[in-house]
Amino acid sequence: MIMKKILFFALCGLSVFTGANAQDSEKSLKEAYKDYFMIGVAVNQRNISDSMQSSLVRREFNSITAENDMKPVSVHPEEGKWTWEKADRIANFCRQNGIKLRGHALMWHNQMCEWMFYDKQHNLVSKEVLFERMREHIHTVVNRYKDVVYCWDVFNEAIKDGPRNPEGMDQPLRESTFYKICGNDEYIRKAFQFAREADPNAILFYNDYNECDPVKRDRIYEMVKEMKAAGVPIDGIGMQGHYNIYGPSEEDIEAAVSKYAEIVDHIHVTELDIRVNKEMGGQLRFSRNENAKITEEQKQMQEVKYATVFRVMRQHADKMDCVTFWNLSDRDSWLGVNNYPLPFDKEYKPKNAYRVIRDFGNK
Ligand code: 9MR
């Protein structure tokens, strides 16, 4: 009996030991991709404070994006009021662990400091007032994190969705409050100019979703090309990568990266996730797939799509510097657990999709 017990515990000890060893000896995502590009993750406060989640972040990733905590409204909710606590915590986590920080985002129509657009009577301000407020905001944020932030999404999602205007000129810009105040694209140019003034070393990105859709892709391409020719300091294009198991096709992903590579030296996939329904993009209205159970077929389609995305990106490793997942696990995903969008499941365990990505699966 006693012998049996000893044998039982010895075996348990052995399996724990070999289990831990197997885990340690297996490559992480960042190691698997070290000759290609960095692997990033968007984090919330829990991800960097919970010990299990933060060790997963440290093990797998070498670039971090703050999911929400560095956005305009998060750090600058009112004129003269700065709220740095959460952003600082993420920056400090990066500093302490030697992880690079992708700055997200200096200007965006969403989660914006709405106050910047209005005067005390709630009338729209002049573009001069808006630019001065943008300048102060961008300089302050960029300066604070300059030691740790290596690149910034300077302008996020300024291009509109939808088909080209069939009659004549296509107006490519989202009709945001920025656009209403300026009537043209000067606010985008100014944002890049202010960011460059504040940190000449940061790599400056224009970042958008549905970036593989041929119409939107061409709008982004034309805008960046034209602005760069005019001397606007845009260094890179961020492809958000909010995809689904049906699309975009390999051809459309390939065509978009190749096109962007003609005009910029840096391309990042900034917000990658692959949901299991037909929706895509960064819009805030989407289905949470309530009560839907993931099928084997959907899992496999997701693995295939992840394999495709990473294969294309590896082929463009000369310009592709970083691929970032938008959230750590399905539990954290902005899309909700039932969209099943990430390589780690709701228990933070790697799915087969994780192995397909890490081992360059060729599905
Ligand atoms: O993941 C973010 C979510 O928690 C916020 O509620 C949302 C608010 O607009 O923003 C999400 O992140 C967005 C990112 O900053 C920019 N591209 C689209 C992302 C998904 O909406």
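Start at 1 and go down the list; that is how both ligands and their atoms are numbered. Keep in mind that what you see is a predicted model, and the values were worked out from it rather than measured.
- Near Trp108, meaning under 4.0 Å from any of its heavy atoms, are these atoms of ligand 1: 9 (O), 10 (O), 13 (C), 14 (C), 15 (O), 16 (C).
- At a heavy-atom distance under 4.0 Å, no atom of Tyr209 approaches ligand 1.
- Taking the side-chain hydrogen bond (donor to acceptor under 3.5 Å, both in side chains) definition, one finds that Asn68 meets it with Lys71, Gln111, sequence neighbours left out.
- In terms of N/O distances under 3.5 Å, ligand 1 is approached by Gln240.
- Under the 6.0 Å distance and 45° angle rule, Lys27 does not count as a cation-pi partner of Tyr33.
- Some N or O of Glu157 is nearer than 3.5 Å to an N or O of ligand 1, by distance alone.
- Neither the backbone nor the side chain of Asn207 comes within 4.0 Å of ligand 1, counting heavy atoms alone.
- Going from atom CD of Glu114 over to atom OG1 of Thr177 covers 5.5 Å, rounded to the nearest 0.5 Å.
- Residue Asn156 places no N or O, backbone or side chain, under 3.5 Å from any N or O of ligand 1.
- Between His268 and Tyr150, the ring planes lie tilted relative to each other; the angle falls in the 30° to 60° range.
- Taking every non-hydrogen atom of Trp334 and a distance limit under 4.0 Å, the qualifying atoms of ligand 1 come out as 1 (O), 20 (C), 21 (O).
- No side-chain donor from either of Glu279 and His242 sits under 3.5 Å from a side-chain acceptor of the other.
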